[in-house]
Amino acid sequence: MRKSFAVFGLGRFGETVVRTLVAEHQDVLAVDIKEEPVNELMDVATQTMIADTRDEEVLRDLNVESFDYVIIGIGNNMEASILTTMLSKEQGAKKVIAKAETSDQGRVLERVGADQVIFPERDMGQSVVRKLLSNHILNFIDLSDEYTLAAIEITDPNFVNQNLIDLNIRQRFGLTVIAIKHGKEINVSPKPTDMMALHDVITVVGSIKSVNALDDALKK
């Protein structure tokens with residue numbers, strides 16, 4: 001489904017968001033107070049604008065309430081980030097996602113109206129470390145501070161030629177298997193009798209602790 005996004009702040013984070021959204025065929029307005037980053041995305045984004053989003057009149061002219069999402073990537077200027085977040089919500093923005101560089105900044109952004117606060121640098125660091133420390137986790141998406149969705153490669157011979165009933169992953173680890181990838185084929189909502197093969201990738205959902213337990217249980 002095609003959605004509309006306004007991205008305020010075109011640093012590395014904002015630029016990456018714009019390019020990724022456009023690659024997914026979404027409508028994107030890219031805005032920055034500086035001319036250079038706007039020019040870089042002039043032929044990429046649906047629309048670009050040089051503007052100061054701390055100005056209430058600017059946000060009113062941009063019709064922020066018409067966008068499905070407003071993404072604020074002004075992480076290095078706390079005053080601008082907070083003011084843009086607050087004014088966007090006051091102007092009727094449906095959902096505001098704001099970037100923060102510190103936990104204190106994140107708390108303030110939540111208090112002034114951000115629907116979601118993200119910490120790209122912190123999250124990337126945590127992601128790198130978790131992948132380095134794991135043996136079989138290929139990818140993961142944290143659903144909260146406690147729960148995650150993870151893709152795990154089956155390399156343990158004890159798991160091969162076993163079905164989900166035999167492996168009893170739900171009871172042993174408290175995880176739900178929602179997909180099995182075999183080569184290029186993906187089996188969504190697998191049956192309990194579906195068999196595992198070497199190097200299959202299972203997608204599981206459950207607590208981070210449980211995912212780590214399964215990762216530790218699999219032999220290298």
For the pair [X] (side chain) and [Y] (backbone), establish whether a donor and an acceptor sit closer than 3.5 Å, ignoring hydrogens and angles.
{"X": "His136", "Y": "Leu218", "value": "yes"}
{"X": "Thr85", "Y": "Ser81", "value": "yes"}
{"X": "Asp68", "Y": "Ser4", "value": "yes"}

Measure across [X] and [Y] and return the closest heavy-atom pair with its distance rounded to 0.1 Å.
{"X": "Lys89", "Y": "Asp115", "value": "NZ-OD2, 3.0 Å"}
{"X": "Pro120", "Y": "Lys99", "value": "CD-CG, 3.8 Å"}
{"X": "Met196", "Y": "Phe159", "value": "CB-O, 3.2 Å"}

Test side-chain contact (heavy atoms from CB on, under 4.5 Å) applied to Asn163 and Asp194, step by step: CA-CA 5 Å; Asn163 61 35; Asp194 288 340; 5.9 Å; no
Could you tell me whether the side chain of [Y] reaches within less than 4.5 Å of the side chain of [X], counting heavy atoms only?
{"X": "Asp27", "Y": "Arg2", "answer": "yes"}
{"X": "Arg54", "Y": "Ile33", "answer": "yes"}
{"X": "His199", "Y": "Thr155", "answer": "yes"}
{"X": "Leu149", "Y": "Ile178", "answer": "yes"}
{"X": "Glu56", "Y": "Gln91", "answer": "yes"}

Residues clustering with [X] (ILVMFWY side chains joined when closer than 4.5 Å, directly or via others):
{"X": "Leu138", "result": "Val201"}
{"X": "Val188", "result": "Ile186"}
{"X": "Met78", "result": "Phe8, Leu29, Val31, Met49, Val58, Leu59, Leu62, Val64, Phe67, Val70, Ile72, Ile74, Ile82, Leu83, Met86, Leu87, Val96, Val108, Leu109, Val112, Val117, Phe119"}
{"X": "Ile208", "result": "none"}

Can you tell me how far the [atom1] atom of [X] sits from the [atom2] atom of [Y], to the nearest 0.5 Å?
{"X": "Ile97", "Y": "Ile71", "atom1": "CD1", "atom2": "CD1", "result": "5.0 Å"}
{"X": "Glu35", "Y": "Met42", "atom1": "CD", "atom2": "CE", "result": "7.5 Å"}
{"X": "Gln162", "Y": "Asp156", "atom1": "CD", "atom2": "CG", "result": "10.0 Å"}
{"X": "Gln171", "Y": "Ile165", "atom1": "CD", "atom2": "CD1", "result": "10.5 Å"}
{"X": "Ile152", "Y": "Asn139", "atom1": "CD1", "atom2": "CG", "result": "11.5 Å"}
{"X": "Glu146", "Y": "Ser210", "atom1": "CD", "atom2": "OG", "result": "10.5 Å"}

Same cluster (ILVMFWY, side-chain, under 4.5 Å), [X] and [Y]:
{"X": "Leu10", "Y": "Ile118", "answer": "yes"}
{"X": "Val44", "Y": "Val38", "answer": "yes"}
{"X": "Val205", "Y": "Val177", "answer": "no"}

Do other residues, nucleotides or ligands put more than 12 heavy atoms under 6.0 Å from [X] [atom1]?
{"X": "Ile141", "atom1": "CD1", "value": "no"}
{"X": "Glu36", "atom1": "CD", "value": "no"}
{"X": "Lys94", "atom1": "NZ", "value": "yes"}

Trace of the side-chain contact (heavy atoms from CB on, under 4.5 Å) decision for Met195 with Asp200: CA-CA 10 Å; Met195 306 293 287; Asp200 277 357; over 6 Å; no
Counterpart residues, ring pair (Phe, Tyr, Trp, His ring centres under 6.0 Å), relative to Phe5 (two or more places apart): Tyr69
Listed once per pair and sorted, the side-chain hydrogen bond (donor to acceptor under 3.5 Å, both in side chains) pairs that draw on residues 40-51, sequence neighbours left out: none
Test log, rule side-chain contact (heavy atoms from CB on, under 4.5 Å), inputs Glu185 and Ile180: CA-CA 8 Å; Glu185 297 180 359; Ile180 301 174; over 6 Å; no
Lys/Arg N to Asp/Glu carboxylate O, Asp32 vs Lys34, below 4.0 Å: no
Pairing of Arg60 and Glu57 as salt bridge, 4.0 angstrom limit: yes
Audit row: Val7, Glu15, side-chain contact (heavy atoms from CB on, under 4.5 Å) steps and yes/no: CA-CA 9 Å; Val7 180; Glu15 179 184 354; over 6 Å; no
